[in-house]
Amino acid sequence: MEMWFSDVHTPNVKLSIRVDEQLFSANSELQRLDVLSSREFGKILVVDGDLALTEKDEFIYHEMISHVPMAVHPNVKQILVIGGGDGGVVRELVKYEGVEQIDVVEADPLLVEVCRKYFPQMACSLNDRRVSIYHEDGLKFIRSRSDAYDLIIIDSPNPFGAAEGLFTKEFYGNCFNALHEDGIMINQHESPFYDEEAFWCLRMHKRIVESFPVSRIYQAHIPSYPSGHWLFGFASKKYHPVDDLDGVRWKLLGIHTRYYLPRLHAGVFALPAYVEEMLKDVE
């Protein structure tokens, strides 16, 4: 008998992956967590029935949400990661010796423990001496911070349900206040291809533009995510994401990556015509 996991992208589209085994399943106080084993994508983390990440392509998402700002900002020392309990973003950030502090705000402690057991290639980074984990609500946490971070990465789930508060104008304003005078905020921005994700993408971008003087969108190809075309938001108090890139400085750090490279950097901000059309009325 064959077993398949289907990730619903729209009412008319699903991505189905053959599953060899269900390794874990439980309900935390916040959500349902499942870990599946597949031949094509390796282990898969499923949260509330939605595919959250796979072993095979998680590196694309985590590299692109982490290294783009790190290659622009010349001196990142204090970082806040909201979400990120799987450790993938932190794994990329601990590669930088100059980073002194990484605060991870992950509301669900069970997610962290599940990833420590089933995704150690990501979660092992959470043991770094510079990392502190706070099992708190991200919206409440950020309200109490002011002028505290060089970089904030919002590694959040979908912008509805329990995480909806992380996509409000109030939240982005609080992030602005929590950043130093030259700080950068990065967030995952959904896909522009399907109507529902495009709606949330546009809504997020409008709210971020209202809070930050510099706001741009960039992209990556992530095969397991809806449509494979995924967007990220780059918001900054000072730095331009392309003009202020220092690719030579970044390459001299000797950081190993599988997707991100400085020569790719400018290109990911060159958006397709249909995405530019979607964003044209947002100033």
Checklist entry - Which pairs count as side-chain hydrogen bond (donor to acceptor under 3.5 Å, both in side chains) when at least one residue sits in residues 237-247, sequence neighbours excluded? => result Asp182-Tyr239
Checklist entry - Any side-chain heavy atom of Phe199 sitting closer than 4.5 Å to one from Tyr194? => result no
Item to check | Qualifying salt bridge (Lys or Arg N to Asp or Glu O under 4.0 Å) pairs, either residue in residues 213-235, two or more places apart | outcome: none
Item to check | Within-4.5 Å side-chain heavy-atom neighbours: Leu264 and Val268 | outcome: yes
Checklist entry - Ignoring hydrogens and geometry, is there a side-chain-to-backbone donor-acceptor pair from Gln188 to Ser156 under 3.5 Å? => result yes
Item to check | Minimum heavy-atom distance between Val214 and Pro241, given as atom pair plus value | outcome: CG1-CD, 4.1 Å
Checklist entry - Where does the angle between the aromatic ring planes of His67 and Tyr96 fall among parallel (under 30°), tilted (30 to 60°) and perpendicular (over 60°)? => result tilted
Next on the checklist: Enumerate the side-chain hydrogen bond (donor to acceptor under 3.5 Å, both in side chains) contacts for residues 251-270, please, sequence neighbours excluded, ordered by first and then second residue.
Outcome noted: Tyr260-His265
Next on the checklist: Tell me every residue that passes ring-ring contact (aromatic ring centres under 6.0 Å, His included) with Tyr149, counting only those two or more places apart in sequence or in another chain.
Outcome noted: none
Checklist entry - Which pair of heavy atoms, one from Met278 and one from Pro192, lies closest together, and at what distance? => result CE-CB, 4.0 Å
Item to check | All salt bridge (Lys or Arg N to Asp or Glu O under 4.0 Å) counterparts of Glu181, not counting sequence neighbours | outcome: none
Checklist entry - So which heavy atom on Val104 is nearest to which on Gly84, and how close? => result CG1-O, 4.1 Å
Item to check | Lys77: partners by salt bridge (Lys or Arg N to Asp or Glu O under 4.0 Å), with sequence neighbours left out | outcome: Glu100
Item to check | Point-to-point distance, once rounded to the nearest 0.5 Å, from NZ of Lys280 to CD of Glu276 | outcome: 11.5 Å
Next on the checklist: One pair to check against salt bridge (Lys or Arg N to Asp or Glu O under 4.0 Å): Glu210 and Arg207. What are the steps and the verdict?
Outcome noted: CA-CA 5 Å; Glu210 292 173 355; Arg207 292 174 175 177; over 6 Å; no
Checklist outcome for this item: Asp34 meets the salt bridge (Lys or Arg N to Asp or Glu O under 4.0 Å) criterion, sequence neighbours left out, with Arg32
Item to check | Minimum heavy-atom distance between Leu51 and Ser224, given as atom pair plus value | outcome: CD2-OG, 3.7 Å
Next on the checklist: With a 4.5 Å cut-off on side-chain heavy atoms, are Val8 and Val13 touching?
Outcome noted: no
Checklist entry - So do the side chains of Gln78 and Gln101 get within less than 4.5 Å of each other, counting heavy atoms only? => result yes
Checklist entry - Can a donor-acceptor pair be found between the side chains of His229 and Gln219 at a distance below 3.5 Å? => result yes
Next on the checklist: Within the 4.5 Å heavy-atom criterion, are Asp103 and Val81 side-chain neighbours or not?
Outcome noted: no
Next on the checklist: Main chain of His189, side chain of Asn187: is a donor-acceptor contact present, judged purely on distance under 3.5 Å?
Outcome noted: no
Checklist entry - Cut-off 3.5 Å, side chains only: do Tyr218 and Trp230 have a donor facing an acceptor? => result no
Checklist entry - Hydrophobic cluster mates of Val47, side-chain heavy atoms under 4.5 angstrom, ILVMFWY only, any path? => result Leu23, Phe24, Leu33, Val35, Leu45, Leu53, Leu110, Leu111, Val114, Tyr118, Phe119, Met122
Item to check | Which residues share a salt bridge (Lys or Arg N to Asp or Glu O under 4.0 Å) with Glu58, sequence neighbours left out | outcome: Arg91
Item to check | Sub-6.0 Å ring centroid separation between Tyr61 and Phe232 | outcome: yes
Next on the checklist: Applying salt bridge (Lys or Arg N to Asp or Glu O under 4.0 Å) as the test, list every pair that has at least one member in residues 11-21; sequence neighbours left out.
Outcome noted: Glu2-Arg18, Asp20-Arg39
Checklist entry - Does any donor atom in the side chain of Asp7 or Tyr225 lie under 3.5 Å from an acceptor atom in the other side chain? => result no
Checklist entry - What pairs of residues pass the salt bridge (Lys or Arg N to Asp or Glu O under 4.0 Å) test when at least one of them lies in residues 140-150, not counting sequence neighbours? => result Arg143-Glu170
Checklist entry - Does a side-chain heavy-atom distance below 4.5 Å link Leu126 with Val112? => result yes
Checklist entry - How many angstroms lie between CZ in Arg116 and CG in Asp86, if you round to the nearest 0.5 Å? => result 11.5 Å
Checklist entry - Do Pro272 and Phe193 come close enough that some side-chain heavy atom pair is under 4.5 Å? => result no
Item to check | Test item: side-chain donor near acceptor, Ser146 and Asn177, under 3.5 Å | outcome: no
Checklist entry - For residues Asp128 and Ser125, is any side-chain donor paired with an opposing acceptor at under 3.5 Å? => result no
Item to check | Whether Glu106 side chain and Gly85 backbone form a donor-acceptor pair below 3.5 Å | outcome: yes
Next on the checklist: Are His205 and Leu279 packed together at the side-chain level, in the sense that at least one heavy-atom pair is separated by less than 4.5 angstrom?
Outcome noted: yes
Item to check | Interatomic spacing from OG in Ser66 to CG in Asp155 - rounded to 0.5 Å | outcome: 8.0 Å
Checklist entry - What residues, two or more places apart in sequence or in another chain, satisfy ring-ring contact (aromatic ring centres under 6.0 Å, His included) together with Tyr134? => result Phe141
